[in-house]
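Just so it is clear, the values below take in all heavy atoms, side chains as well, and ignore hydrogens, waters and symmetry mates.
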Amino acid sequence: MDTATNNLNSRQKEAAETLGGPLLILAGAGAGKTKTIVHRILNLIKSGVAPHNILAITFTNKSAKEMRDRIGAMITSDHAINRPISINERPFASTFHALGAHIIRENAALIGLNRHFVIYDRADSRKAVKDALEELGLKDDRNDPTSILGSISRAKGDGLTLSAYRTEGHSNDFRHRLVASVWEKYEAALSREKALDFDDLLLKTMILLRDHREIRERYANIWTHIHIDEYQDTNGVQYEIVRALAMARRNICVVGDIDQNIYSWRGATIENIMRFEKDYPEAKVVILEENYRSTKTILAAANNVIKKNSMRREKNLYTHNDIGEKITLTAEYTETDEARNIADSCRKIIQDGIKPNNIAVLYRANFQSRVLEEAFLKKEVPYQVLGTKFFERKEVKDVLSFIRAALNRDSTGDLVRIVNVPPRGIGKVTMLKIIAHDTAELNDGMKRKIAEFSQILDEICAATNEKKPSDLIKFILMRTGMESHLKKTTEDEERLENMRELASVAKTYDNLPLGEGVEALLQNAALATDQDELSEEKEGVKLMTVHASKGLEFDYIFIAGLEQNLFPHERMGEEELTEGQEEEERRLFYVALTRARKKIYLSWSQIRTVYGSQRINSPSEFISDIGDALIEEKAEEPRPNNRAKMIFIDF
């Protein structure tokens, strides 16, 4: 054991040498959890456990690959291991979905499949739900396929089959009955094509393990030692899969951090990790609090923020690293000023010799990236957006396509893109007839739909010469029905925010003559898209949401938009956050802070343009949670246009 753990601290070593029974490792950010798991797996192999008897599950392909690589490297380099036994063996390290696919393939006949079953991606699933709505005669503006698919996905994530979902519903709940009816047709489509969707990979696995004792016992005997990373992010069905595999032998090690549970919106429940000791009363608990990533200042700030949460297990991160620099706080006049300041600061850091890849700008909502991208382009600072770039987001391209199609009816690409945005029931065959100007033989109902669509384009065309660009965007959202369509469900909140942000973008062209402003908007949007073609390997400052930053780390972190109702984020249609939502927003800010190794920059803007209208902001409550002693406020630089500085009075 000594040679395998001589570079671990005492807590890591304790966890890595606890080889039997249930083990809960509460690992703070940057506390070396992956290193600890890998050493524990190596110790199991050295103690005589065959590698194929070890299961290691995590949440992303990237982290699963990293774990496989590190385990393989340690097995290869450790000469104390019995080579004839282990040279060609490796533990089963994968994501939950890959584990499910593996189990289902080996037992496919039991659920009417073969080993080569199809796995639907989300686009396939959305199309199947659309077809189901059409078959039921319910394909109209009131029934959004994405929202219905989201409801089905969430139910499956909670471990519910269609019959169970129907049983738990109320006969007078129209939404519930609608989802159940669509789900039935959707399942029939999957069955016809011998297919499963992403959620089925987990749900069907849970059912196989639950309902077939011989299967459950077989895999429990294969994987005698189980490791689950990011346990705080498991949902209901993942929890049941883990219990089914682990309850007999109880050799289970789960690793997680309650303070980093930020995915409740996709079904993750913090209760799973909170009740681990109830599920396994004999469990040993090891808390990893020594952080190897960040400075003392950064950890002090993170500890101050997260201690306000009540739904957590007490821990206090510490480090032997340097004190480090104070956290810089900047209050800017507008989001444009904020973005310019961030871009300038990044450029100075890069000029000081820091590689751009060691810098990240984090924000709460995707729409915030647009103004940041513009600033980085103008300042010629290399950058990369993790996720879809603003002008390449589907909903943004849809709005711009309405303008292009209205101005140029020969733009068939735009016509095809928007003819069913939102759904209008115009099929592919009909679309081909429209393009060929051969609609005479269509029925009256279809002709009416085409005429209504054409009327919308005529009105948009006229509006381009009558309305300012920002008002034109608002008109399109209203006239096409996109806005009302997305307002129906909070699951589409971000898409609606992005389209409203486009109205804010368009406002910068309002001072140009009517018509010219729209042309400038279309041209610059196309140019920005061309310049945004960034590969994964390209050097650049990383721009991403805080959610996307989970599991990553950078030397320098900028957190933008720290304003009340943006971060913490207000929910569409809700007056105030619930206590659970407040705590998750605080955990999200904690995640943002703990991504940084050396230095954090915070910023907020006194005025932010949202949906074409200026909103006066107050600073986020999270700023005061950090503590004045850890923050240095950056003095405002003189503005070229001598704008008057806003004065806020506390009362």
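The existence of a salt bridge linking Glu338 and Arg608 is confirmed by a sub-4.0 Å separation between a basic side-chain nitrogen and an acidic carboxylate oxygen. Taking a cutoff of 4.0 Å between a charged side-chain nitrogen and a carboxylate oxygen, Asp257 and Lys33 do not qualify as a salt bridge. Ion pairing of Glu621 with Arg586 is present here, as a side-chain N (NZ or NE/NH1/NH2) and a carboxylate O approach within less than 4.0 Å. In this structure, Arg370 does not pair ionically with Glu373, as no charged nitrogen and carboxylate oxygen lie closer than 4.0 Å. Using a cut-off of 4.0 Å between Lys/Arg side-chain N and Asp/Glu carboxylate O, Glu314 and Arg312 are scored as salt-bridged. A salt bridge between Asp173 and Arg177 is absent, with no side-chain N of the basic residue lying under 4.0 Å from a carboxylate O of the acidic one. Between Arg615 and Glu563 there is no salt bridge, since no side-chain N of the basic residue sits under 4.0 Å from a carboxylate O of the acidic one.
Using bins of under 30°, 30° to 60° and over 60° for the plane-to-plane angle, the ring pair Phe567/Phe589 lands in the perpendicular bin. Between Phe276 and Tyr231, the ring planes are perpendicular. Angles over 60° get that label, and only those under 30° would be called parallel.
A donor-acceptor contact shorter than 3.5 Å links the side chain of His547 to the backbone of Ile262. Of the possible donor and acceptor atoms, none in the side chain of His225 sits under 3.5 Å from a partner among the backbone N and O of Leu55. His176 places a side-chain N or O within donor-acceptor distance of the main-chain N or O of Tyr165, the cut-off being under 3.5 Å. Here the side chain of Gln12 pairs a donor or acceptor atom with the backbone of Ala31 at under 3.5 angstrom. Using a distance-only test at 3.5 Å, with no hydrogens or angles considered, no donor-acceptor pair links the side chain of Asn303 to the main chain of Asn316. Formation of a donor-acceptor pair under 3.5 Å by the Ser549 side chain with backbone atoms of Val546 is found in this model. Judged purely by atom type and a 3.5 angstrom limit, Asn304 uses its side chain to pair as donor or acceptor with the backbone of Ile626. Between the side chain of Asn272 and the backbone N or O of Thr234 there is at least one donor-acceptor pair closer than 3.5 Å. Without hydrogens or angle criteria, Asn565 side chain to Glu570 main chain gives no donor-acceptor distance under 3.5 Å. With Arg364 contributing its side chain and Leu566 its backbone, the two residues share no donor-acceptor pair below 3.5 Å.
In summary, the side chains of Gln581 and Glu583 do not present any donor paired with an acceptor at a separation below 3.5 Å, with no hydrogens or angles considered. Using modelled atom types, one finds no donor on one side chain facing an acceptor on the other under 3.5 Å when comparing Arg587 with Ser264. Looking at Tyr590 and Asn309, their side chains never bring a donor and an acceptor atom within 3.5 Å of each other. Of the N and O atoms on the side chains of Thr146 and Arg495, not one donor lies less than 3.5 Å from an acceptor on the other residue.
Between Glu553 and the options Arg293, Lys598, Lys542, a salt bridge (Lys or Arg N to Asp or Glu O under 4.0 Å) holds for only Arg293. In summary, of the residues considered (Asp200, Thr161, Asn235, Asp199), a side-chain hydrogen bond (donor to acceptor under 3.5 Å, both in side chains) with Lys156 occurs for Asp200 alone.
A distance of 9.5 Å separates CD1 of Ile228 from CD1 of Ile241, quoted to the nearest 0.5 Å.
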Can you check side-chain hydrogen bond (donor to acceptor under 3.5 Å, both in side chains) on Arg275 and Thr269, steps first, answer last?
CA-CA 11 Å; Arg275 70 182 181 187; Thr269 172; over 6 Å; no
